[in-house]
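Because only heavy atoms are used, hydrogens play no part in the values below, and waters and symmetry mates are left out as well, while side chains stay in.
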Amino acid sequence: MDNRYNRHNRKKYSLKVHIVLVTKYRKQLLKGSIADDVKQKIFDIAYIHGYEIIAMETDKDHIHFLISYDTTDRVCDIVKIVKQETTYYLWQKYGSFLSKQYWKKRMFWSDGYFACSIGEVSSATIQKYIESQG
């Protein structure tokens with residue numbers, strides 16, 4: 001049996017995307033407990049929404065993750081959910097610290113993002129790259 005593909009109802013698919021999110025103003029905040037909490041929160045979001053995190057790692061001012069998702073999901077919606085929920089969570093937990101970094105609004109991520117769909121051939125290469133970050 002071929003385990004490279006997901007099957008659901010009459011669908012057979014393999015959708016994976018490499019996503020990079022950057023902190024607002026490229027502030028180097030993804031260190032220590034904040035980095036750990038962001039990663040854990042993204043794992044929680046993925047579990048709730050039925051995504052699979054294949055690889056994830058932070059650097060000081062950005063995070064890479066490789067995610068597998070369903071045909072009914074859109075990459076822009078995945079990014080929106082991750083950004084909104086992690087920002088809310090971090091402000092709840094680190095509000096006094098973050099208010100010194102971002103004095104205008106409750107923000108954490110920059111407005112844009114990087115997303116690149118991947119083929120099965122380059123999955124291992126991208127996974128090694130993500131795991132070597134930081």
Side-chain angles (χ1 to χ4, degrees):
M1 182 175 260
D2 191 357
N3 291 331
R4 292 181 301 161
Y5 299 102
N6 298 313
R7 300 171 198 276
H8 184 69
N9 291 339
R10 292 179 296 269
K11 301 178 285 187
K12 184 176 180 181
Y13 59 93
S14 175
L15 298 174
K16 295 180 181 126
V17 65
H18 172 203
I19 296 173
V20 181
L21 303 179
V22 178
T23 59
K24 189 77 169 177
Y25 311 124
R26 290 200 81 105
K27 289 192 178 268
Q28 297 188 356
L29 301 174
L30 291 172
K31 301 181 270 189
S33 61
I34 292 180
D36 294 339
D37 287 342
V38 166
K39 287 194 270 189
Q40 185 57 54
K41 186 64 178 173
I42 293 173
F43 276 117
D44 295 344
I45 292 166
Y47 177 77
I48 290 166
H49 292 276
Y51 315 137
E52 178 191 354
I53 301 294
I54 299 166
M56 179 167 36
E57 196 54 68
T58 59
D59 206 340
K60 294 175 181 95
D61 63 356
H62 63 280
I63 186 167
H64 293 259
F65 54 98
L66 179 61
I67 190 168
S68 174
Y69 59 99
D70 193 83
T71 58
T72 58
D73 297 313
R74 299 184 312 169
V75 173
C76 62
D77 292 335
I78 294 169
V79 170
K80 180 181 174 183
I81 289 166
V82 168
K83 281 182 164 187
Q84 285 178 340
E85 292 190 22
T86 55
T87 299
Y88 180 79
Y89 174 76
L90 290 172
W91 273 89
Q92 292 294 317
K93 190 162 183 181
Y94 300 101
S96 61
F97 172 73
L98 292 176
S99 64
K100 294 173 187 159
Q101 303 295 319
Y102 302 114
W103 51 274
K104 281 188 177 182
K105 295 184 197 174
R106 290 186 171 221
M107 57 181 66
F108 190 80
W109 303 109
S110 67
D111 294 337
Y113 62 93
F114 170 84
C116 180
S117 60
I118 65 157
E120 196 58 43
V121 174
S122 61
S123 178
T125 303
I126 290 176
Q127 185 172 349
K128 285 180 186 175
Y129 170 72
I130 290 172
E131 289 170 351
S132 72
Q133 292 295 300

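- For H64 and F114, the ring centers are positioned 6.0 Å apart or more.
- Rounded to the nearest 0.5 Å, atoms OG1 (T87) and NZ (K105) are 12.0 Å apart.
- Within 6.0 Å of atom NZ in K60, 12 or fewer heavy atoms from other residues, nucleotides or ligands are found, so the atom counts as exposed in its surroundings.
- Here T23 contributes atom OG1 and D61 contributes atom CG; the two are 5.0 Å apart, rounded to the nearest 0.5 Å.
- In terms of hydrophobic clustering, with Ile, Leu, Val, Met, Phe, Trp and Tyr side chains grouped at heavy-atom distances under 4.5 Å, Y47 and I63 are assigned to different clusters.
- Under the 4.5 Å side-chain heavy-atom criterion for Ile, Leu, Val, Met, Phe, Trp and Tyr, Y89 and W109 are members of the same hydrophobic cluster.
- Under the 4.5 Å side-chain contact rule for hydrophobic residues, V22 and F108 do not share a cluster.
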Let me check something: any side-chain donor-acceptor pairs from residues 35-46 under 3.5 Å, sequence neighbours excluded? List them with distances.
{"residue": "D37", "atom": "OD2", "partner": "K93", "partner atom": "NZ", "Å": "3.0"}
{"residue": "D37", "atom": "OD2", "partner": "Y94", "partner atom": "OH", "Å": "2.4"}
{"residue": "K39", "atom": "NZ", "partner": "E57", "partner atom": "OE2", "Å": "3.0"}
{"residue": "Q40", "atom": "NE2", "partner": "D44", "partner atom": "OD1", "Å": "2.9"}

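- The minimum heavy-atom distance linking Y102 with K24 is given by the pair OH-O, 3.0 Å.
- Here the closest heavy-atom approach between residue H18 and residue Y129 is recorded as CE1-CE2, 4.2 Å.
- Atom CD of Q101 is separated from atom CE of M107 by 12.0 Å, given to the nearest 0.5 angstrom.
- For S68, the side-chain hydrogen bond (donor to acceptor under 3.5 Å, both in side chains) test picks out no residue, with sequence neighbours left out.
- Atom CD in Q127 sits 12.0 Å away from atom CE in M56 (nearest 0.5 Å).
- Put simply, the side chain of K11 reaches to within 4.5 Å of the side chain of T72, judged on heavy atoms.
- Taken to the nearest 0.5 Å, the CG atom of L30 stands 12.0 Å off from the CD atom of Q133.
- There is a path of hydrophobic side-chain contacts, each under 4.5 Å, that joins Y25 to L90.
- Within 6.0 Å of OH on Y13 lie more than 12 heavy atoms contributed by other residues, nucleotides or ligands.
- Note that CD1 of I130 and CD1 of I54 are 8.5 Å apart. Values are rounded to the nearest 0.5 Å.
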Residue pair L98, L29: steps toward the side chain to side chain contact (heavy atoms under 4.5 Å, CB included) verdict: CA-CA 9 Å; L98 292 176; L29 301 174; 4.1 Å; yes

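- Nearest heavy-atom pair across V82 and L21 is CG1-CD1, 3.9 Å.
- Closest of all the heavy-atom pairs between D73 and I78 is CB-CD1, 4.2 Å.
- Scored by the side-chain hydrogen bond (donor to acceptor under 3.5 Å, both in side chains) test, R74 finds D77 as partners (sequence neighbours excluded).
- Residues L15 and I118 do not share a hydrophobic cluster, defined by chaining ILVMFWY side chains whose heavy atoms lie under 4.5 Å apart.
- Residue K83 comes nearest to S110 through the heavy atom pair NZ-O, 2.7 Å, listed as atom of the first residue, atom of the second, then distance.
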